[in-house]
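One structure is given below, encoded as structure tokens.
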Amino acid sequence: MAAQAPAIEVPTDAELLQAQADLWRHTLYYLTSMGLRCAVKLGIPTAMHNLGGVTSLPDLAAALSIPASKQPFLGRLMRALVTSGVFAAGGKDDSGAELFRLNPLSRVLVDDVVADEHHSQTSFVLAGTSPHYMEAALGMADWFKKDVTGPVPSVFEDVHSASLFDETTAALDPELDALVTEGLEAHDNLGIGTIMRECHDLFKGLESLTDCCGGDGKTARAITKAHPHVKCTVLDLPKVIQKTPSDCVVNYVAGDLFHTVPKAQAVMLKLVLHHWSDDDCVKILTQCKNAIPSREEGGKVIVIDIVVEPSLGPVMFEAQTLMDLLMLVFTRGRQRSENDWRELFMKAGFTDYKIIKKLGARGVIEVYK
């Protein structure tokens with residue numbers, strides 16, 4: 001005789017109605033992402049910037065050349081994006097039309113602006129909402145059911161037989177590879193000015209620094225500009241370095257941080273390790289440890305990465321857990337708590353570490369031999 005299923009607790013009327021609303025939200029959250037993608041593809045943030053950062057729907061529709069038949073629907077998209085915090089709204093123009101405004105989130109989605117510390121995040125949005133990304137995320141349930149031996153591939157690898165950030169992505173889709181590379185660079189450079197201001201002493205007294213996976217050198221140049229005494233070297237893959245114009249400010253080295261890291265007083269890993277498994281992180285950190293002098297000689301590894309911490313509050317913690325799911329689906333890495341970081345540092349042979357500053361979801365960590 002089959003075992004009887006346990007009784008289920010029946011929610012109250014109020015709980016049931018709230019559960020239904022929550023179910024709508026969680027089931028349909030992807031429409032928020034698609035609405036954001038739509039806004040970026042239409043160029044809404046850039047158009048609003050060109051209109052002074054504040055605009056009515058008729059003026060926005062005109063700036064975007066939206067056909068008259070579709071203009072009534074634009075307000076519904078904007079209402080959803082205001083509700084989700086992408087844009088702000090408030091006030092009316094002389095004709096009584098509601099006004100929409102850029103806010104800090106939508107300002108980082110403005111393209112075609114050259115200014116210090118402005119790194120448009122449109123490529124990050126377009127990569128993160130691309131068909132290849134969506135298809136990979138849809139493969140999570142099947143991925144969980146498959147048993148494997150050896151290193152566990154990411155969901156993206158399982159679905160597409162390709163790994164992000166290497167030549168297999170380019171073979172899968174060259175446009176996706178370019179978009180992911182551009183989005184990663186923009187994402188990693190966002191906030192470097194904040195680090196310079198909030199952690200000024202981080203680079204004080206340094207003579208040399210190697211920026212691992214430093215891309216086109218934007219971060220290294222920012223460090224050199226703020227601290228002219230620091231000689232900066234950028235280490236990245238040959239395909240990245242080949243596209244980077246040489247300058248007299250930063251030294252560029254093509255290589256693989258798993259095999260060698262140019263020697264320096266400090267080595268920096270900014271949003272690098274969360275892409276890698278624990279075993280790979282230990283290998284990378286060991287190479288970095290071999291590249292620096294002792295703590296007494298000023299040697300240190302600077303790790304700038306997410307430090308998962310529920311006490312940061314529900315919004316920031318949710319962002320961290322979503323970034324962890326991003327790593328689960330698209331890489332073999334993960335986001336880590338302070339205890340996780342400590343374990344990695346000790347396994348790599350370091351003796352001590354110190355969290356210098358917590359900046360939003362990220363932590364700035366010094367690690368010592």
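Source: prediction; values computed, not measured.
- When atom types are taken as modelled, the side chain of H229 and the backbone of E207 share no donor-acceptor pair closer than 3.5 angstrom.
- In this structure, D211 does not pair ionically with K270, as no charged nitrogen and carboxylate oxygen lie closer than 4.0 Å.
- With L164 as the fixed residue, the side-chain contact (heavy atoms from CB on, under 4.5 Å) test singles out one of L172, V180, D177: V180.
- Aromatic pair Y353/F345: centroids less than 6.0 angstrom apart.
- Ion pairing between a basic and an acidic side chain is recognised when a charged N comes within 4.0 Å of a carboxylate O; K369 and D352 show no such pairing.
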Stepwise salt bridge (Lys or Arg N to Asp or Glu O under 4.0 Å) test for R336 and E343:
CA-CA 10 Å; R336 297 174 171 93; E343 186 173 340; over 6 Å; no

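- Counting heavy-atom neighbours within 6.0 Å of H26 NE2, excluding the residue itself, gives a total above 12.
- Remark: K239 NZ is packed, more than 12 non-hydrogen atoms of other residues, nucleotides or ligands lying under 6.0 Å away.
- Of the possible donor and acceptor atoms, one in the side chain of S130 sits under 3.5 Å from a partner among the backbone N and O of A127.
- Heavy-atom contacts from other residues, nucleotides or ligands closer than 6.0 Å to CZ of R25 number more than 12.
- Taking the salt bridge (Lys or Arg N to Asp or Glu O under 4.0 Å) definition, one finds that D111 meets it with nothing, sequence neighbours left out.
- In this structure, the ring of W276 has its center less than 6.0 angstrom from the ring center of F258.
- A salt bridge links R334 to D278: one of the charged nitrogens lies within less than 4.0 Å of a carboxylate oxygen.
- Residues H227 and H200 place their aromatic rings such that the two centres sit under 6.0 Å apart.
- Taking the charged nitrogens against the carboxylate oxygens, E98 and K92 have no contact shorter than 4.0 Å, which rules out a salt bridge.
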